[in-house]
Amino acid sequence: MTDFKRTLITTALPYANGPIHIGHLAGVYVPADIYARYLRLKNEDVIMIGGSDEHGVPITLKAKKEGLTPQDIVDRYHNIIKKSFREFGISFDVYSRTSSKTHHETASAFFKKLYDEGKFIEKTSEQYYDEENEQFLADRYIIGTCPKCGFEKAYGDQCESCGTSLSPAELISPMSMISGNQPVLKETKHWYLPLDQYEPWLKEWILEGHKEWKTNVYGQCKSWIDSGLQPRAVTRDLDWGVPVPVEGVEGKVLYVWFDAPIGYISATKELTPDWEKYWKSPETRMLHFIGKDNIVFHCVIFPSMLKAEGTYNLPENVPANEFLNLENDKISTSRNWAVWLHEYLEDFPGKEDVLKYVLTANAPETKDNDFTWKDFQNRNNNELVAVLGNFVNRALVLTNKYFEGKVPARGGLSSYDKETLAGIKKIKGEVEKSLDSFRIREALKNAMDLARLGNKYLADEEPWKVFKNDVARVKTIMNVCLQITANLTICLEPFLPFSMDKLRGFLNLKNMDWGRLGETGLLPVGHKVNAPTLLFEKIEDSVIEAQLKKLADTKKANEMAEATAVPAKDDIEFDDFMKMDIRVGTIIECEKVAKTKKLLKLQIDTGIDLRTVVSGIAEYYRPEELIGKQVSILVNLAPKKLRGIESQGMILCAENADGSLSIVQPDKKVKNGSEVR
RNA sequence: GGCGAGGUAGCUCAGCUGGUUAGAGCGCGUGAUUCAUAAUCACGAGGUCGCGAGUUCAAGUCUCGCUCUCGCUACCA
């Protein structure tokens with residue numbers, strides 16, 4: 001392994017269209033913060049970079065919806081995010097934003113260099129264009145009828161009703177969200193990063209060179225690289241973002257995925273004029289802390305950009321976490337299913353460390369995990385309060401009681417004393433080993449063992465009994481306990497910074513380096529300690545119930561919203577309706593279409609003829625149970641090839657709120673070919 | 001359908017290159033203890049290591065098939 005002199009830690013840039021929730025924290029910011037604090041405590045040269053990702057289409061849409069400018073939107077969320085991070089104690093050395101001047105200059109220059117050196121390829125393609133407003137429309141700016149579910153307000157990239165991902169060309173009767181007019185297809189030129197050219201290099205660099213990466217990270221990279229990489233557009237027709245710095249080009253910006261990771265560089269520039277040593281010196285180790293959704297960007301795409309540029313370092317490791325669920329359900333910003341950081345800070349003042357602890361102890365390092373309020377309460381009450389807080393309290397209360405708060409001198413040490421003191425160094429080694437391999441959850445457990453060591457020592461030595469006939473021995477015992485307590489302030493500092501600060505207050509102790517962890521004389525004899533207050537407080541059931549009620553209310557509100565039927569469509573003439581030829585037919589044959597999950601191929605006797613229909617209902621019906629059933633079928637829909645099979649019609653289905661499908665059929669058997677109207 | 005990750009005690013997870021009675025924390029039970037926020041300490045119960053084959057003297061650990069969960073992906077009329 002290379003000997004690095006400094007570390008650059010980047011944390012995924014949160015998208016500035018919503019506040020931070022526990023999923024972001026558990027996946028990225030808490031582990032990154034712990035690791036950064038650990039390195040700082042070791043006096044290593046480390047910087048931790050963060051910032052808001054403020055470009056991209058969703059922000060422009062939100063702005064439009066609220067009648068504000070995109071800048072208004074990002075200002076709002078950037079401020080909420082930045083404030084909540086600061087209050088929560090995520091120790092960024094700099095928290096920047098991609099709408100900053102520095103970033104625009106940096107991203108622009110980065111693009112320009114690759115452009116000038118011919119690292120991009122140019123491609124012209126047809127995209128929808130709004131003639132009235134004279135601009136190309138991003139996928140999200142196009143609205144139309146979803147070809148699958150008939151939802152009229154599907155976006156060009158995705159139907160929010162059925163969740164299908166789409167391309168703008170698939171929408172039926174597309175409409176510009178800006179003018180309301182029908183857009184026209186028009187040619188536009190864009191630049192692409194030819195990822196395919198980097199494939200052999202990526203293979204070598206990751207698949208051969210970084211087998212030590214986490215299995216989830218390595219596996220996903222391998223999957224992408226092996227399946228063949230495609231050139232990726234780096235520009236977009238949009239007016240919100242970093243303008244493409246090419247002469248004569250207007251109305252184009254850098255694609256948000258291209259500009260966002262450069263934000264790490266910009267933020268570093270804002271932090272220090274010496275930024276280049278963090279990005280370009282081979283003695284610097286770069287780490288990207290991200291969630292699993294970002295693996296491909298940080299392992300394949302961004303490195304390819306850096307490689308193309310040529311002067312930058314590549315990431316040494318990318319410790320990506322899986323996802324955190326909340327009370328057995330996926331965290332979702334749009335469904336308001338989350339514990340929001342800014343709300344937590346209001347509801348639980350002074351309990352920043354409790355959330356950090358719970359999110360770390362239950363971190364989704366190897367697989368998706370579940371956050372429950374009950375677990376939150378249990379870990380606080382049974383671990384922080386009962387194990388850590390209680391030990392500290394015992395040590396200090398006894399010292400105050402027997403020795404007026406002065407650290408007593410040790411006498412001769414028993415072999416058990418020696419063993420206990422040696423245990424501190426052992427724990428230090430374990431914590432280091434875990435942290436060095438990014439096993440943060442394990443590291444926290446290791447560190448907490450120090451408090452367990454103390455509790456056990458106290459229980460075994462029973463100073464409250466010994467005091468009756470051997471005060472000298474009690475002096476030794478309490479000295480050992482206090483040294484353990486002092487060591488806790490170092491050992492747990494990366495994980496519980498606020499609480500350890502408080503504990504240092506109890507002990508009258510200054511901050512100490514990681515290197516001193518394991519020393520048995522951190523507190524000199526005669527040193528005065530204070531009377532302790534509680535390091536952690538129990539959390540009562542009522543508090544947890546209040547949070548659960550809040551979530552239950554959200555769930556209820558969501559159900560109400562789901563129960564509300566999609567609004568009626570515009571009126572049509574009777575003749576329009578009569579254009580549709582819907583018949584009753586009987587399913588004669590039915591089989592799954594190979595290599596698909598949702599498609600069934602059906603032979604249907606429509607009374608007119610026997611025809612083949614492909615339908616996306618395989619998730620709800622098994623082929624054998626459909627044979628012989630009567631269904632309603634739209635027979636005069638233009639045929640379309642799906643998976644190479646020509647589908648000659650559409651089977652009518654009702655879609656439930658959960659997206660499940662139910663075929664519409666006559667309630668009595670009727671003659672095949674009967675018209676439905 | 002393809003690919004990736006995961007399926008180990010009630011819960012959350014360790015188990016490296018295959019090797020004595022499969023581990024930890026929490027929860028549960030019993031006992032000890034009272035300095036401490038009824039906290040702590042000891043002991044214990046609890047697992048056919050997703051299912052089925054195979055390789056091997058020996059498999060949670062390797063191979064194959066199946067199955068379930070999550071994610072990515074695919075032309076879901």
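Letters A, B, ... are given to chains in the order of the sequence lines, protein chains preceding strands, and every chain is numbered from 1. Just so it is clear, the model here is predicted, and its values are computed rather than measured. Side chains are part of it too, since the values below use all heavy atoms of this structure and drop only hydrogens, waters and symmetry mates.
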What's the [atom1]-[atom2] distance between [X] and [N], to the nearest Å?
| X | N | atom1 | atom2 | value |
| --- | --- | --- | --- | --- |
| A/Asp375 | B/C11 | CG | P | 13 Å |
| A/Gln377 | B/C26 | CD | P | 16 Å |
| A/Lys445 | B/G23 | NZ | P | 14 Å |
| A/Lys214 | B/G6 | NZ | P | 11 Å |
| A/Glu430 | B/A24 | CD | C1' | 12 Å |
| A/Leu602 | B/A77 | CG | P | 11 Å |
| A/Glu461 | B/A42 | CD | P | 14 Å |
| A/Asn321 | B/G71 | CG | C1' | 14 Å |

*Sort and list the pairs that fulfil salt bridge (charged side-chain N to carboxylate O under 4.0 Å, His left out) and have at least one residue in residues 606-618 of chain A, not counting sequence neighbours.*
A/Asp609-A/Arg611

_Residue pairs, two or more places apart or on separate chains, that pass salt bridge (charged side-chain N to carboxylate O under 4.0 Å, His left out) and touch residues 436-451 of chain A_ = A/Asp449-A/Arg452

Determine the interatomic distance between [atom1] on [N] and the same-named atom on [M]; round to the nearest Å.
| N | M | atom1 | answer |
| --- | --- | --- | --- |
| B/G2 | B/A45 | C1' | 46 Å |
| B/C75 | B/G47 | P | 49 Å |
| B/U63 | B/G6 | P | 13 Å |
| B/C26 | B/C68 | C1' | 26 Å |
| B/G18 | B/C11 | C1' | 29 Å |
| B/U48 | B/G27 | C1' | 24 Å |
| B/G7 | B/G15 | C1' | 15 Å |
| B/A14 | B/U61 | C1' | 13 Å |

*asked:* Between A/Asp196 and A/Gln230, is there a side-chain donor-acceptor contact under 3.5 Å, judged purely by atom types and distance?
replied: no

*Syn or anti for B/G25, with syn set at within 90° of 0?*
anti

*Mind checking the CG-CZ spacing from A/Asn446 to A/Phe495? Nearest 0.5 Å is all I need.*
8.0 Å

*Tell me the side-chain hydrogen bond (donor to acceptor under 3.5 Å, both in side chains) pairs involving residues 384-405 of chain A, sequence neighbours left out?*
A/Arg394-A/Asn455

Could you list the residues that satisfy salt bridge (charged side-chain N to carboxylate O under 4.0 Å, His left out) with [X], not counting sequence neighbours?
| X | answer |
| --- | --- |
| A/Glu419 | none |
| A/Asp581 | A/Arg583 |
| A/Lys428 | A/Glu432 |
| A/Glu540 | none |

Could you let me know what [N] is paired to, Watson-Crick or G-U wobble, both distances under 3.5 Å, or none if it's on its own?
| N | result |
| --- | --- |
| B/G10 | B/C26 |
| B/C41 | B/G31 |
| B/U55 | none |
| B/C72 | B/G2 |

At a cut-off of 3.5 Å, list every protein nitrogen or oxygen paired with a nitrogen or oxygen from nucleotides 64-70 of chain B, distance to 0.1 Å.
unit_1 : atom_1 : unit_2   : atom_2 : d
B/C70  : O2'    : A/Asp368 : OD2    : 2.8

*Sugar-phosphate or base contact per nucleotide [nucleotides 34-41 of chain B; S, B, -; heavy atom under 4.0 Å]*: SBBB-SSS

*Could you pull out all residues at least two apart from A/Leu652 that satisfy side-chain contact (heavy atoms from CB on, under 4.5 Å)?*
A/Ile582, A/Ser632, A/Leu634, A/Val664

Listed pairs under 3.5 Å, donor-acceptor, residues 348-363 of chain A side chains, sequence neighbours left out:
unit_1   : atom_1 : unit_2   : atom_2 : d
A/Asp353 : OD2    : A/Phe498 : N      : 3.1
A/Asp353 : OD2    : A/Ser499 : N      : 2.6
A/Asp353 : OD2    : A/Ser499 : OG     : 2.6
A/Lys356 : NZ     : A/Phe88  : O      : 3.3
A/Lys356 : NZ     : A/Gly89  : O      : 3.1
A/Tyr357 : OH     : A/Glu383 : OE1    : 2.5
A/Thr360 : OG1    : A/Lys356 : O      : 2.7
A/Asn362 : OD1    : A/Asn369 : ND2    : 3.4
A/Asn362 : ND2    : A/Asp370 : O      : 2.8

Pairwise N/O distances under 3.5 Å, protein to nucleotides 14-16 of chain B:
unit_1 : atom_1 : unit_2   : atom_2 : d
B/A14  : OP1    : A/Thr366 : OG1    : 2.7
B/A14  : OP1    : A/Arg441 : NH2    : 3.1
B/G15  : OP1    : A/Arg439 : NH1    : 3.3

*Which is true for A/Asn378 with a 4.0 Å heavy-atom rule: it touches a base, it touches only sugar-phosphate, or it touches nothing?*
nothing

*How are the rings of A/Trp257 and A/Tyr255 set relative to one another: parallel (under 30°), tilted (30 to 60°) or perpendicular (over 60°)?*
tilted

*With nearest nucleotides of RNA chain B determined for A/Gly649 and A/Asn362 from heavy-atom distances, which residue corresponds to the more 5′ nucleotide?*
A/Asn362

*If only atom types and distance count, is the side chain of A/His21 paired as donor or acceptor with the main-chain N or O of A/Gly23 below 3.5 Å?*
yes

